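A short worksheet on the structure shown next.
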Amino acid sequence: MPKADIGLIGLAVMGQNLVMNMNDHGFTVAVYNRTTSKVDEFLAGPAKGSKVVGTRSIEEFVAALKKPRRVMLMVKAGEVVDQFIAQVVPHLEKGDIVIDGGNSLYTDTQRRVEELGKKGLLFLGSGISGGEEGARHGPSIMPGGAPEAWAAVKPIFQAISAKVEDGTPCCDWVGKGGSGHYVKMVHNGIEYGDIQLICETYHLMRAAGCSNTEMAEIFSAWNRSELLSYLIEITAKILAYKDTDGSHLVDHILDAAGQKGTGKWTSIDALELGMPLTLISEAVYARCLSALKEDRVTAAKVLPGPAPKPLKDRKEFVESLRQALYASKIVSYAQGFMLMREASRQYGWDLNFGAIALMWRGGCIIRSIFLGDIKKAFDRKKDLHNLLLDDFFKKAMTGAQSGWRSALARSLEWGIPAPCMTSALAFYDGYRSDRLPANLLQAQRDYFGAHTYERLDKPRGQFFHTNWTGTGGSVSSTTYNA
Ligand code: NBP
């Protein structure tokens, strides 16, 4: 007799913890894993004494599920997801649901929703964030795909997800197609930005002579301000953490960053959509540059640059860094929401931005008090065009601006790179400029390639070409934007 409410394939760190979370909330979960010995280890270990049903073949796994069957995959993204879909689908019936909870590329999800849809099956691509602890005690869950599947999955997902203070789950319906994985992808991109901003702050504080212990205290204090967030909290703990010999562990860690691709995907999609996602892209490049450790060690011996100078007032500098971090973070989120707004428009998803801010408010790696402020901004104005134009954030930017500029002036003077903070300020100054030098740029394009230009004194959409040299023709190139 089938008895499991849901089945989960993939018993690595995320899968195991999600299963135990579902079990704690009263759901019976059937599990399967390619290496079936892991099923036995799980049943004898973390799942001992639980209602979890272990299975050792796909047939046994599917047979253990109540109808409509809910099959969740928590496996390595990419081909492995397609392989498991191919194995499971022959055993499913119309109306059954397949959920991919891994970090899949949203275009793959889009394709899978369509392919399974043709077979009468409902596919969901659901981003899940919060790492091991989130999976176990309440992650942020971002489901999208076949809308008909949502009602059958909602009770389980909302029960196991994180909750904000008033009990609202950090899980809501995102939208059609690949939108759930898209929103998770942007979440990860924003995470790249947040992490890099904190690292730049740390780099500048260290250059100013702050010790690890002082920095741990500063980040702890900031975690009681508008910067309160999971990433600031763990940064304080990391900076205070001592190795077995009593020295600070952070000083022994190699400065070469890893990455698994979601930041890069976000930047690539921003380029595709023509959105200026400068901060997240800089964060991806900062990881790439850090990974060139050997090159940097060589260059450090050869290339000259300035050195940090002693400060008269370190406290004031630390305060300016706090402002730089806060203002840059606002720009990063403004850019992230700009990207999702454009994606929603171009891909036809009708995303609910307030709901997305709420989903990220708890459970996930970027959880913060700040996301509550973003939610409030979208509550004030559902179709808010840009976060920077909301009164709360406008005021915050005004308050943080002088510190932001002076902190970055120091970074330039001292030769300490702060690519994300600097690009954030360049974006801010560009976004608030009613005139940029693109008039000259358009003239250059028209000069060398007859690419045409629009005029300030003529309606938009009317294009002109000038025979700049007197020797060119009057034929212009076709006008389009890639
Ligand atoms: P992994 O991403 O390490 O995947 C492990 C699972 O994939 C195991 O069940 C493994 O089976 C299976 N697998 C692999 Br690897 N190669 C396979 C193959 N060729 N054929 C069949 N199965 C294969 O686990 P995870 O870290 O728990 O993450 C699961 C998903 O969730 C991923 O998409 C990940 O990106 C995403 N995610 C992870 C985190 C996190 O903090 N780790 C957070 C949020 C989302 P085996 O046991 O037989 O090798």
Side-chain angles (χ1 to χ4, degrees), residues 7-22 29-47 52 54-58 61 71-89 98-109 112 123-145 157 160-162 170-171 174 178 180-192 194-195 230-231 234 258-266 359-360 362-367:
L8 188 141
I9 297 175
L11 288 177
V13 60
M14 291 299 283
Q16 288 202 13
N17 283 291
L18 282 171
V19 170
M20 293 316 296
N21 187 351
M22 290 176 190
V29 192
V31 297
Y32 175 74
N33 194 71
R34 172 186 63 167
T35 311
T36 50
S37 58
K38 289 193 186 161
V39 174
D40 300 318
E41 285 161 24
F42 181 52
L43 292 178
V52 174
T55 68
R56 282 139 201 97
S57 72
I58 291 288
F61 171 78
V71 174
M72 182 156 181
L73 304 174
M74 280 312 295
V75 294
K76 189 177 164 199
E79 268 176 36
V80 178
V81 173
D82 285 316
Q83 286 164 13
F84 273 117
I85 290 175
Q87 285 182 52
V88 170
V89 161
V98 180
I99 309 147
D100 172 18
N103 271 341
S104 293
L105 186 59
Y106 80 95
T107 45
D108 283 342
T109 304
R112 290 167 186 148
F123 189 80
L124 293 180
S126 183
I128 300 185
S129 175
E132 179 177 359
E133 205 184 308
R136 183 66 184 85
H137 300 291
S140 163
I141 310 180
M142 297 151 252
F157 276 16
I160 65 164
S161 74
C170 295
C171 168
V174 174
H181 273 135
Y182 191 88
V183 167
K184 171 65 176 19
M185 177 188 80
V186 177
H187 162 283
N188 283 28
I190 289 178
E191 179 184 312
Y192 272 58
D194 278 359
I195 289 173
Y230 172 69
L231 284 168
I234 66 166
Q259 48 185 322
K260 285 192 171 166
T262 41
K264 180 177 79 179
W265 295 347
T266 316
M359 273 183 258
W360 294 349
C364 62
I365 304 300
I366 63 170
R367 62 182 180 262

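For clarity, every value in this text was computed on a predicted model and none was experimentally measured. Atoms within each ligand, like the ligands themselves, are counted from 1 in listed order.
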* Asked: Can you list the ligand 1 atoms lying under 4.0 Å from a non-hydrogen atom of Val13?
  -> 26 (O), 27 (O), 42 (N)
* Asked: Which ligand 1 atoms are under 4.0 Å away from a heavy-atom of Phe84?
  -> 21 (C), 22 (N)
* **Steps toward side chain to side chain donor-acceptor pair (under 3.5 Å) verdict (Ser104, Asp100)** => CA-CA 8 Å; Ser104 293; Asp100 172 18; 2.4 Å; yes
* Asked: Of all the atoms in ligand 1, which lie at a distance below 4.0 Å from a heavy atom belonging to Ile128?
  -> 44 (C), 45 (C)
* Note, Val174 side chain near Met359 side chain (heavy atom, < 4.5 Å) -> yes
* **Proximal ligand 1 atoms for Ala77, defined as those under 4.0 Å from one of its heavy atoms** => 33 (O)
* Asked: Please state which protein non-hydrogen atom is closest to atom 34 (C) of ligand 1 and give its distance, to 0.1 Å?
  -> Asn103 N, 4.1 Å
* **Any side-chain heavy-atom pair of Gln87 and Arg34 under 4.5 Å** => no
* Structure fact -> Of all protein heavy atoms, the one nearest atom 48 (O) of ligand 1 is Thr35 OG1, 2.4 Å
* To do: Would you name the heavy atoms of Cys171 and Phe157 that are closest together and state the gap between them?
  => SG-CB, 3.7 Å
* Structure fact -> Rounding to 0.5 Å, atoms CD1 (Ile190) and OG1 (Thr266) come to a distance of 8.5 Å
* Asked: For ligand 1, which atoms have a heavy atom of Asn33 less than 4.0 angstrom away?
  -> 8 (C), 9 (O), 11 (O), 46 (P), 47 (O), 48 (O)
* Asked: Are the side chain of His181 and the backbone of Gly102 linked by a donor-acceptor contact shorter than 3.5 Å?
  -> yes
* To do: Report yes if some heavy atom in the side chain of Val52 is under 4.5 Å from a heavy atom in the side chain of Met22; otherwise report no.
  => no
* Asked: Just distances here: any N/O of Glu132 and N/O of ligand 1 closer than 3.5 Å?
  -> no
* Which atoms of ligand 1 have any heavy atom of Lys38 under 4.0 Å away? -> 46 (P), 47 (O), 49 (O)
* When only distance counts, is Met14 in polar contact with ligand 1, meaning an N/O pair under 3.5 Å? -> yes
* Structure fact -> atom 32 (C) of ligand 1: closest protein heavy atom, distance to 0.1 Å, is Val75 O, 3.4 Å
* **Identity and distance of the protein heavy atom lying nearest atom 41 (O) of ligand 1** => Gly131 CA, 3.5 Å
* **Numbered atoms and elements of ligand 1 in range of Val80, under 4.0 angstrom, heavy atoms** => 16 (N), 17 (C), 18 (C), 19 (N), 20 (N), 21 (C), 22 (N), 23 (C)
* Structure fact -> for atom 31 (O) of ligand 1, nearest protein heavy atom and its distance come out as Met74 CE, 3.4 Å
* Find all atoms of ligand 1 within a distance of less than 4.0 Å from any non-hydrogen atom belonging to Leu11, and give their numbers and elements. => 9 (O)
* Heavy-atom side-chain contact between Thr109 and Tyr182 under 4.5 Å -> no
* Identify, for atom 2 (O) of ligand 1, the protein heavy atom at the shortest distance, and state residue, atom and that distance. => Lys76 CA, 3.9 Å
* Check whether any side-chain N or O of Asn33 sits under 3.5 Å from a backbone N or O of Leu11 as a donor-acceptor pair, and report yes or no. => yes
* Would you call Asp82 and Asp108 a side-chain contact if the rule is heavy atoms closer than 4.5 Å? -> no
* **For atom 3 (O) of ligand 1, the protein heavy atom that lies nearest, with its residue and separation** => Ala12 CB, 4.4 Å
* Mind checking whether Arg34 has an N or O less than 3.5 Å away from an N or O of ligand 1? -> yes
* To do: Name the orientation class of the two ring planes belonging to Tyr32 and Phe84 (parallel below 30°, tilted from 30 to 60°, perpendicular beyond 60°).
  => perpendicular
